[in-house]
Amino acid sequence: MAHTEFQLPDTAIVESDKATPNTAVRKLCEPDELPADGGDATAIRSLFDQDFTKMAVVTEDPQTEATHVGYVDRSGKFTDLTGNEGFGNTPHEHNAAFSRDGSAVWFTYEAPDSGYYETKNRIASRALAGDHKAVDQLEIGMVGESNLIVVGRTPSRAVLASSAFLSPDGERLLAESHVLDVPAEGRGVGPDLVEKGRDISCGSGGWLDNDTVLCFADGRFAALDIASGSKPGAPIVPSNDYNNHAMVISPDGQRFAFLSEKGAAINYYLCDTKPGSTPQKVERTGKFSTLGDTAAFIEWR
């Protein structure tokens, strides 16, 4: 067990009309919200580097309304990767997310278009080492309430979606219940590419193996082979009248954690991924005594 707190700068954006209103930072920090489900967890995970020593942050200058990306470390020190801009276009950088190896912070930004006062949205990254110069990656359309999620390590790929899971072999991407092959060219995946993927329509919580995903299946969960025409398998958990949310899957795909709520009662469970398994309630004693109702499980190691 380890405990770490990240003190955000006073100018950090948690929620703003000028940026994505439903940010991953808000999902992490909102004290009155229920924990994120599996989809939200992938966005929250991208806020941190591999070993949770740094957290990606967006700040806003209250006078110029410039927005910068950077990170805060465990000591509370904020490093501004955007830096001081000269005379010219004011930077508007949002949705900061760490690459999984912690070498760069990715973000969306507004770039001037050819039209007068017109802008277009793009994805770029800034390395933590060197001069932090922005490396442009991909043009995107409307950002909306989608989050920037960085998957994979070599190379890192940015996905603009509400959820994103990379298959264990790195060959396929599961985003917003769409399955698509990871493109050979380019480094980013925008909404238009996600929507071209095959819609499996099962509210998935992630990959069990390279060919199978975990489906919501009316709160009972089931495995689904991603082969075209396949249907979810037998239910994993017994019939119940709870509201269940898959949160994170073990690295070997054999177990998963989920949140279950019934009225005012909120509990966490661990369960095997085989059909007919019996969930085991996580008792909030011992090392789990501090586990509150708003915990977000973002990684299983």
Taking all non-hydrogen atoms of both residues into account, name the closest pair between A97 and V150 and its distance.
CB-CG2, 3.9 Å

On a heavy-atom basis, the closest approach of A246 and G205 is CB-CA, 4.5 Å

What distance do L174 atom CG and W207 atom CH2 have between them, rounded to the nearest 0.5 Å?
6.0 Å

Smallest separation among heavy atoms of S230 and A227, with atom names
OG-O, 3.0 Å

Side chain to side chain contact (heavy atoms under 4.5 Å, CB included) involving V282 - partner list, sequence neighbours excluded
Y268, L270, F288, L291

Between W300 and P251, is there a side-chain heavy-atom distance shorter than 4.5 Å?
yes

Checking R126 side chain against H132 main chain: does a donor-acceptor pair fall under 3.5 Å?
yes

For D199, does the CG atom have more than 12 heavy-atom neighbours from other residues, nucleotides or ligands under 6.0 Å away?
yes

Return each pair, listed once, that meets salt bridge (Lys or Arg N to Asp or Glu O under 4.0 Å) where at least one residue sits in residues 272-285; pairs must be two or more places apart or across chains.
R255-D272, R284-D293

Examine distances only and state if a side-chain atom of S167 and a backbone atom of R172 form a donor-acceptor pair shorter than 3.5 Å.
yes

Can a donor-acceptor pair be found, under 3.5 Å and without considering hydrogens, that links the side chain of T11 to the backbone of T59?
no

Non-neighbouring partners of F48 that pass ring-ring contact (aromatic ring centres under 6.0 Å, His included), sequence neighbours left out
F6, F52

Could you tell me whether the side chain of D218 and the main chain of R220 form a donor-acceptor pair under 3.5 Å?
no

Test of understanding: clusters of I, L, V, M, F, W, Y form through side-chain heavy atoms closer than 4.5 Å, transitively. Do Y71 and F107 belong to the same one?
yes

Examine V14 and L47 and state if one hydrophobic cluster contains both, with Ile, Leu, Val, Met, Phe, Trp and Tyr joined whenever side-chain heavy atoms are less than 4.5 Å apart.
yes

Joint cluster assignment, F297 & L259, ILVMFWY side-chain distance < 4.5 Å
yes

Nearest-0.5 Å distance, CG of residue D73 to CZ of residue F78:
11.0 Å

With distance as the sole test, does N147 use its side chain to make a donor-acceptor pair with the main-chain N or O of I149 at under 3.5 Å?
no

Could you walk me through whether V179 and I200 satisfy the side chain to side chain contact (heavy atoms under 4.5 Å, CB included) test, starting with their C-alpha distance in whole Å, then the side-chain angles of each, then the deciding distance to 0.1 Å, before giving a yes or no?
CA-CA 7 Å; V179 175; I200 59 175; 4.0 Å; yes

Taking all non-hydrogen atoms of both residues, which atom of S163 and which atom of F165 are closest, and how far apart?
CB-CE1, 4.1 Å

How long is the span from the OG1 atom in T90 to the NE2 atom in H68, to the nearest 0.5 Å?
8.5 Å

Please enumerate all residues that pass ring-ring contact (aromatic ring centres under 6.0 Å, His included) together with Y242, with sequence neighbours excluded.
none

Please check this pair: side chain of W106 against backbone of I123, looking for a donor-acceptor N/O pair closer than 3.5 Å.
no

Would V25 and L8 count as a side chain to side chain contact (heavy atoms under 4.5 Å, CB included) here? Give the steps.
CA-CA 10 Å; V25 178; L8 301 183; 4.1 Å; yes

Considering residues at least two apart in sequence or located in another chain, which fulfil the side-chain hydrogen bond (donor to acceptor under 3.5 Å, both in side chains) criterion with D241?
K262

Return the set of residues passing salt bridge (Lys or Arg N to Asp or Glu O under 4.0 Å) with D136 (not counting sequence neighbours), or none when no residue passes.
R122

Check side chain to side chain contact (heavy atoms under 4.5 Å, CB included) between T212 and all other residues, then give those that pass, not counting sequence neighbours.
L208, D209, A223

Quick one: side chain to side chain contact (heavy atoms under 4.5 Å, CB included) partners of D131, sequence neighbours excluded?
K133

Those residues that, when tested against F221, pass ring-ring contact (aromatic ring centres under 6.0 Å, His included) (two or more places apart)
F256, F258

Give a yes or no on whether the backbone of L148 and the side-chain of N95 come within a donor-acceptor separation of less than 3.5 Å.
no

For C271, which residues count as a disulfide bond (SG atoms under 2.5 Å apart) partner, sequence neighbours excluded?
none

So, S277 side chain and I236 main chain: donor-acceptor pair closer than 3.5 Å or not?
no

Would you say the side chain of N121 lies within less than 4.5 Å of the side chain of T108, judging by non-hydrogen atoms?
no

Hits for side chain to side chain contact (heavy atoms under 4.5 Å, CB included) against T67, two or more places apart or cross-chain, chain-then-number order -> I13, V58, E60, H92, H94

Residues, nucleotides or ligands: over 12 heavy atoms within 6.0 Å of Q50 CD
yes

Kindly give the heavy-atom pair with the smallest separation between G206 and I249, and that separation in Å.
C-CD1, 3.7 Å

In Å and rounded to the nearest 0.5 Å, what is the SG to CG distance from C215 to L224?
4.0 Å

With a 4.5 Å limit on heavy-atom distance, are the side chains of P279 and P238 in contact?
yes

Say whether, by atom type as modelled, one donor and one acceptor occur between the side chain of T82 and the main chain of V69 under 3.5 angstrom.
yes

With distance as the sole test, does D49 use its side chain to make a donor-acceptor pair with the main-chain N or O of K54 at under 3.5 Å?
yes

Shortest non-hydrogen separation from P9 to V57 and the atoms involved
CD-CG1, 4.1 Å

Flag the pair T53 / R74 as yes when at least one side-chain heavy-atom distance between them is below 4.5 Å, and no otherwise.
yes

Do V248 and I298 have side-chain heavy atoms sitting under 4.5 Å apart?
no

How is the hydrophobic cluster of V135 composed, in terms of its other members, when Ile, Leu, Val, Met, Phe, Trp and Tyr link through side-chain heavy atoms under 4.5 Å apart, directly or indirectly?
none

Does L193 share a hydrophobic cluster with L173, counting links as ILVMFWY side-chain heavy atoms below 4.5 Å and allowing steps through other members?
yes

Validation row: H178, K196 side chains within 4.5 angstrom (heavy atoms)
no

